[in-house]
Protein chains: 2
Amino acid sequence: MLSKKTKYGLKALTFLASQPDREPVQIAEVAKQENISQKFLESILLTLRRNGFLGSKKGKGGGYYLIKEPEAIQMTSVMRVLEGPIAMVPCVSLNFYEKCDDCPDEGICTVNKLMLKVRDANLEVYRNTTLQDLIA
Amino acid sequence: MLSKKTKYGLKALTFLASQPDREPVQIAEVAKQENISQKFLESILLTLRRNGFLGSKKGKGGGYYLIKEPEAIQMTSVMRVLEGPIAMVPCVSLNFYEKCDDCPDEGICTVNKLMLKVRDANLEVYRNTTLQDLIA
DNA sequence: TATTACCCTATAGATTTAATAGGAATTACA
DNA sequence: TGTAATTCCTATTAAATCTATAGGGTAATA
């Protein structure tokens, strides 16, 4: 299952990318428009800012805004930041590799074999999809 | 993340498919060979039996055995039984469709759009992979 | 200088997952 | 016919994760 965090994060990115200009949008407005708990969204936007997707402005007239072009935002990076590793098991993860402690030999593990295929298929999708593709 | 239930279930299926004959294998032996908690495995094998993958025999000399040919076991059905829906959100699920309550229009939802691609990519993998492919 | 709005941590509640416990039912075999 | 072996089944607990909330702190701006 996709976590709500990722779901909301994607919706927020979409919303901000769809703004005609790049003026700051208040958390409250994003939350309202996308039906998201404001406090929860707050922490998600913070994560997105810390990871270089969003900029923010404090004080009156402040809010969040996109700082990268939608064409430059790959779903691989969005998913990794919001959802975590793309691989379904650590032993096939590119960025978060870990050996399984119950599995003596990855080379003959059928779970490994299957999940490797799944990972590649998902990577293919995420790499070839940008935020721009989604809002177009 | 792939649940341990699915992971263990796949390993068990693999193990049973690799037996030279289709004689019953005891839970205890599968558990030992694959490093799985026996009681947990017990419930997983039960699920696999109820869903038509395995047969069982009680009493002395009993155990579980594969009742379908490995070539005839698609990963789509295995995953649906063990892991649940293949889609990451209900609104793109073929077998478990459900409308999102926070989303007014699926047609313009970017999460829907992305997850549709992901679902298709995963289905492609699962449909084209049988148990036989994994143990070969 | 008051206000607005982001920043940050902690925590509680809900849900799911993983594992365990204990016994009932069935079978093989001596 | 009795006994040991093995699956069958339900309920429960323990652990982990996810979702959401609380409550105030801090910085920037009009």
Side-chain angles (χ1 to χ4, degrees), chain A residues 1-12 16 23-32 34-51 53-67 79 81-85 88-90 96 100-102, chain B residues 1-12 16 23-32 34-51 53-67 79 81-85 88-90 96 98 100-102 111:
Chain A
M1 279 288 284
L2 193 73
S3 69
K4 296 215 168 183
K5 181 179 173 187
T6 303
K7 192 177 176 185
Y8 294 162
L10 273 170
K11 288 200 172 200
L16 293 175
E23 292 297 305
V25 179
Q26 297 167 26
I27 296 175
E29 192 184 340
V30 180
K32 188 182 171 191
E34 300 290 341
N35 285 307
I36 305 172
S37 145
Q38 180 167 339
K39 274 290 191 181
F40 192 22
L41 179 61
E42 204 176 305
S43 70
I44 296 168
L45 294 179
L46 200 55
T47 301
L48 289 172
R49 182 185 64 80
R50 285 175 175 154
N51 283 278
F53 297 98
L54 303 180
S56 66
K57 193 178 166 192
K58 292 181 179 177
K60 194 168 191 175
Y64 281 97
Y65 52 92
L66 210 61
I67 54 175
M79 290 298 288
V81 162
L82 294 173
E83 190 74 4
M88 293 183 80
V89 283
F96 303 88
C100 298
D101 43 342
D102 60 331
Chain B
M1 279 287 286
L2 192 73
S3 69
K4 296 214 167 181
K5 181 180 174 186
T6 303
K7 192 177 175 184
Y8 294 163
L10 274 170
K11 289 201 170 198
L16 293 175
E23 291 297 303
V25 180
Q26 297 166 29
I27 297 174
E29 193 185 339
V30 181
K32 189 181 171 193
E34 300 291 342
N35 286 308
I36 303 171
S37 147
Q38 180 168 338
K39 273 293 191 181
F40 191 22
L41 179 62
E42 204 175 305
S43 69
I44 296 168
L45 293 179
L46 202 54
T47 302
L48 289 172
R49 182 184 65 80
R50 285 174 174 155
N51 283 278
F53 296 99
L54 302 180
S56 67
K57 194 179 166 190
K58 291 183 181 179
K60 194 167 189 176
Y64 283 96
Y65 51 92
L66 210 61
I67 55 174
M79 290 299 288
V81 163
L82 294 173
E83 189 76 3
M88 292 183 80
V89 283
F96 304 88
E98 241 178 83
C100 297
D101 42 342
D102 60 330
V111 176

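Worth saying up front: this structure is predicted, and the values here are computed from it rather than measured. Numbers restart at 1 for each chain; the letters A, B, ... are given by sequence-line order, proteins then strands.
- Within the structure, a side-chain polar atom (N or O) of A/Ser37 is placed less than 4.0 Å from OP1 or OP2 of D/dT21.
- Between the CG atom of A/Leu46 and the P atom of D/dG25 there is a distance of 18 Å, given to the nearest Å.
- The pair A/Lys7-B/Asp102 counts as a salt bridge, with a side-chain nitrogen and a carboxylate oxygen less than 4.0 angstrom apart.
- With rounding to whole Å, A/Arg50 atom CZ is found 8 Å from C/dC7 atom C1'.
- Separating the OG atom in B/Ser43 from the CD1 atom in B/Ile27 is a distance of 9.5 Å, to the nearest 0.5 Å.
- Taken together, the paired segments of DNA chain D that extend over three or more consecutive Watson-Crick or G-U pairs, each closer than 3.5 Å at both contacts, are C:1-30 with D:1-30.
- With rounding to whole Å, A/Ile44 atom CD1 is found 14 Å from C/dC6 atom P.
- Comment: B/Lys39 engages B/Glu42 in a salt bridge, judged by a side-chain N to carboxylate O separation of less than 4.0 angstrom.
- Summarising the geometry, the separation between CG on A/Asn51 and P on C/dC7 is reported as 13 Å, rounded to the nearest angstrom.
- Here the side chains of A/Arg49 and A/Leu46 are in contact, with some heavy-atom distance below 4.5 Å.
- The shortest side-chain heavy-atom distance between A/Phe53 and A/Val81 falls under the 4.5 Å cut-off.
- Looking at heavy-atom distances under 4.0 Å, A/Ile27 makes contact with sugar-phosphate atoms alone, never a base.
- Regarding A/Glu83, its CD atom lies at a distance of 8 Å from the P atom of D/dT19, rounded to whole Å.
- Here the C1' atom of nucleotide C/dT16 and the CG atom of A/Leu2 are 16 Å apart, to the nearest Å.
- Minimum atom distance to the side chain of A/Tyr64 is reached by C/dC7, of the listed C/dA18, C/dA5, C/dC7.
- Checking C/dA19, D/dT19, C/dA5 against every side-chain atom of A/Phe40, the shortest atom distance belongs to D/dT19.
- In this structure, A/Glu34 and A/Leu10 have side chains that are not in contact, with every pair of non-hydrogen atoms separated by 4.5 Å or more.
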Before you tell me yes or no, could you show the steps for B/Thr6 and B/Met1 under side-chain contact (heavy atoms from CB on, under 4.5 Å), namely the whole-Å CA-CA distance, both residues' side-chain angles and the distance that decides it to 0.1 Å? CA-CA 10 Å; B/Thr6 303; B/Met1 279 287 286; over 6 Å; no
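- No side-chain heavy atom of B/Leu41 sits under 4.5 Å from any side-chain heavy atom of B/Lys32.
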Per-nt protein contacts along nucleotides 24-30 of chain C (heavy atom under 4.0 Å; B base, S backbone sugar-phosphate only, - none) come out as --BBS--
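- Contact annotation: side chain of A/Glu42 to base of C/dC7, donor-acceptor pair present below 3.5 Å.
- D/dT19 atom C1' lies 13 Å from atom CG of B/Asp102, rounded to whole Å.
- A straight line from CG of A/Leu16 to C1' of C/dC6 spans 14 Å, rounded to a whole angstrom.
- Counting only heavy atoms from C-beta outward, the side chains of B/Ile67 and B/Leu54 never approach each other to under 4.5 Å.
- The 5' end of DNA chain D is approached more closely, in terms of each residue's nearest nucleotide, by A/Tyr8 than by the other of A/Lys39 and A/Tyr8.
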